[in-house]
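In this text the structure is predicted, and so the values were computed from the model without any measurement.
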Amino acid sequence: MLRIGLLTSGGDCQALNATMRGIVKTVLRNSKEKVEIYGFEDGYQGLIYGRYRKMSWADFSGILIKGGTILGTSRTPFKLLDTPEADGVEKVPAMVKNYRKLDLDCLFVLGGNGSTKTANRLREEGLNVIALPKTIDNDTYGTDMTFGFPSAIDIATKCIDDIHTTADSHRRVFVIEIMGHKVGWIPLYAGIAGGADVILIPEIPYEMDNVIDAIEQRERDGGRFSIVVVAEGAITKEEAAMKKKDYKRLVAQRVKPSVAYDIAEEIAARTDREVRVAVPGHTQRGGEPSAQDRIFATQCGVEAAKSCLAGEYGCMIALRDGRMTRVPLKEVAGKLKYVDPSSELVREAKMLGISFGDE
């Protein structure tokens, strides 16, 4: 008997179900043993409290195109992993106990950076764990892509596309806030795909003088409108030079909902232009997975299943240089993958005339 467990942890995304389908179909078709499948509800909370259900092939049929997660998800911050739950339950011992209770051979964890860190902790506790890189932010270290990212790009790009006509009609500057607290992969890709004039991301601190210059230059060139794409974590050069605690204090003192509104207000004051803010927000996590996401999620699922059937655990599935592979969890857990400010894509965007506010 081969007993496997599945859980989805952290923020949701469009291709979680497609990934689980890839795992289950591959295991069922290729295992020489009978297979039992257990799905833990609401992420690590299900593993902590023993909330699970026994599943069959039928549960995974028809979910390739379905967004979200059929198992539900939640956030269990890694930094609080050794802090007991409100009812006193010790998280790690409870997870180990429930894993052992079901006599699992492998636990598949679909999650981002925090979830991967927890998966590595469970590996250190002696459990057989395989992690799969889920996050719309594409910031998981050790893989060139994460599932959820392609769909998020498409949604963010569609938002920017739809703003063009209304911005043009009213000669407005639109500031569009795209998800990305610590990294700027989505705003970078969607900004380029959507024809943004300015893209502000956390990895490239900006100066407002440069942003204003870019908007005014576009007007001088005959443009009726400007599109400014702003990551949630966009930061000025002055703020980037601050001590971490001082910057956190500054952010906590913000009156407006986010930095996008501060930027919009300053653009309006300094250019005498009509400025609007658009925030697609959680729509970037929702809806059906894109075709590319479905393909990549399926590849991740198949590779994870192959790893399990081969008895190779303690790894994360990854895409590297166009090939699916496995990387040791201990080498990637707790690390973020940032946009390289000197990368080819950033250089090409600048040659095209896109401003990142740094020069």
Side-chain angles (χ1 to χ4, degrees), residues 8-20 22 43 63-69 73 75 110-116 132-164 174-196 199-203 227-234 258-260 277-301 317-319 336-339 343 345-346 349 354:
T8 57
S9 175
D12 67 323
C13 76
Q14 298 86 344
L16 284 161
N17 291 324
T19 307
M20 288 190 285
I63 65 171
L64 176 66
I65 66 172
K66 184 177 181 180
T69 164
T73 188
R75 298 184 187 276
L110 288 68
N113 295 297
S115 303
T116 301
L132 296 96
K134 176 274 320 172
T135 171
I136 66 168
D137 294 312
N138 196 41
D139 61 354
T140 300
Y141 188 84
T143 180
D144 295 340
M145 188 186 295
T146 60
F147 54 88
F149 179 56
S151 297
I153 295 171
D154 284 358
I155 293 168
T157 301
K158 179 64 163 56
C159 173
I160 299 170
D161 289 348
D162 291 344
I163 291 296
H164 275 256
F174 262 86
V175 177
I176 305 175
E177 181 182 287
I178 301 298
M179 283 187 168
H181 278 292
K182 295 181 179 179
V183 301
W185 292 103
I186 305 176
L188 173 62
Y189 276 67
I192 293 173
I199 301 174
L200 304 180
I201 61 176
E203 294 91 339
I227 301 292
V228 180
V229 168
V230 178
E232 295 167 299
S258 68
V259 65
V277 176
V279 185
H282 283 74
T283 62
Q284 293 163 86
R285 294 188 180 278
E288 297 178 351
S290 67
Q292 184 180 1
D293 230 348
R294 296 176 200 182
I295 294 168
F296 180 60
T298 299
Q299 288 181 287
C300 286
I317 305 306
L319 175 69
L336 283 177
K337 181 182 69 181
Y338 296 97
V339 173
S343 67
L345 185 59
V346 172
I354 298 174

(message) Show every salt bridge (Lys or Arg N to Asp or Glu O under 4.0 Å) that has at least one partner inside residues 290-299, sequence neighbours left out.
(response) E288-R294
(request) Only pairs at least two apart or in different chains count here, so list each salt bridge (Lys or Arg N to Asp or Glu O under 4.0 Å) that has a residue in residues 151-160. (result) K158-D162
(request) Write down the atom of T116, the atom of G111, and the distance for their closest heavy-atom approach. (result) OG1-O, 3.8 Å
(request) Under the side-chain hydrogen bond (donor to acceptor under 3.5 Å, both in side chains) rule, collect the residues that match up with T8, sequence neighbours excluded. (result) T69
(message) My understanding is that only residues two or more places apart in sequence, or in another chain, count here; which of them pass side-chain contact (heavy atoms from CB on, under 4.5 Å) with R285?
(response) D12, R75, I136, M179, H282
(message) Quick one, T135 and F149 - any side-chain contact, counting heavy atoms below 4.5 Å?
(response) no
(request) Mind checking side-chain contact (heavy atoms from CB on, under 4.5 Å) for T143 and listing every partner two or more places apart, or none if nothing turns up? (result) P133, T140, T146, M316, A318, L319
(message) The criterion is side-chain hydrogen bond (donor to acceptor under 3.5 Å, both in side chains); which residues satisfy it with N113, sequence neighbours excluded?
(response) D139
(message) So, using side-chain hydrogen bond (donor to acceptor under 3.5 Å, both in side chains) as the criterion, who are the partners of S9 when residues are at least two apart?
(response) S115
(request) Go through the structure and list residues passing side-chain contact (heavy atoms from CB on, under 4.5 Å) with A297, not counting sequence neighbours. (result) A15, A18, T19, F147
(request) Identify, with sequence neighbours excluded, every residue that meets side-chain hydrogen bond (donor to acceptor under 3.5 Å, both in side chains) alongside E177. (result) S258
(request) Kindly compute the distance separating OG1 (T73) from CG (L110), expressed to the nearest 0.5 Å. (result) 9.5 Å
(message) Under the criterion side chain to side chain contact (heavy atoms under 4.5 Å, CB included), I'd like the reasoning laid out for M145 against N138: C-alpha separation, chi angles, the key distance, then a yes or no.
(response) CA-CA 6 Å; M145 188 186 295; N138 196 41; 4.3 Å; yes
(message) Quick check: closest heavy atoms across P280 and I176, and the distance to 0.1 Å?
(response) CD-CG2, 4.2 Å
(message) Please report the interatomic distance CG(L16) to NZ(K134), rounded to the nearest 0.5 Å.
(response) 6.5 Å
(request) Indicate the atoms forming the closest heavy-atom contact of V183 with E203, along with that distance. (result) CA-OE2, 3.1 Å
(message) Would Q292 and I153 count as a side chain to side chain contact (heavy atoms under 4.5 Å, CB included) here? Give the steps.
(response) CA-CA 11 Å; Q292 184 180 1; I153 295 171; over 6 Å; no
(message) Tell me the closest heavy-atom pair linking A260 and V175, and the distance in Å.
(response) O-CG1, 3.7 Å
(message) Please enumerate all residues that pass side-chain contact (heavy atoms from CB on, under 4.5 Å) together with I192, with sequence neighbours excluded.
(response) L188, I199, L345, A349, I354
(request) Mind listing the closest non-hydrogen atom pair of A231 and G180 along with its distance? (result) CB-O, 3.6 Å
(message) As an exercise, state the distance from OG1 of T298 to CD1 of I295, rounded to the nearest 0.5 Å.
(response) 8.0 Å
(message) Going by side-chain hydrogen bond (donor to acceptor under 3.5 Å, both in side chains), name the pairs with one or both residues in residues 179-190, residues two or more places apart or in two chains.
(response) none
(message) Nearest 0.5 Å, please: how far is SG in C159 from CZ in F174?
(response) 9.5 Å
(message) Tell me the closest heavy-atom pair linking C300 and L132, and the distance in Å.
(response) O-CD2, 3.5 Å
(message) Can you tell me which residue among P289, S290, P150 is in a side chain to side chain contact (heavy atoms under 4.5 Å, CB included) with Q14?
(response) P289
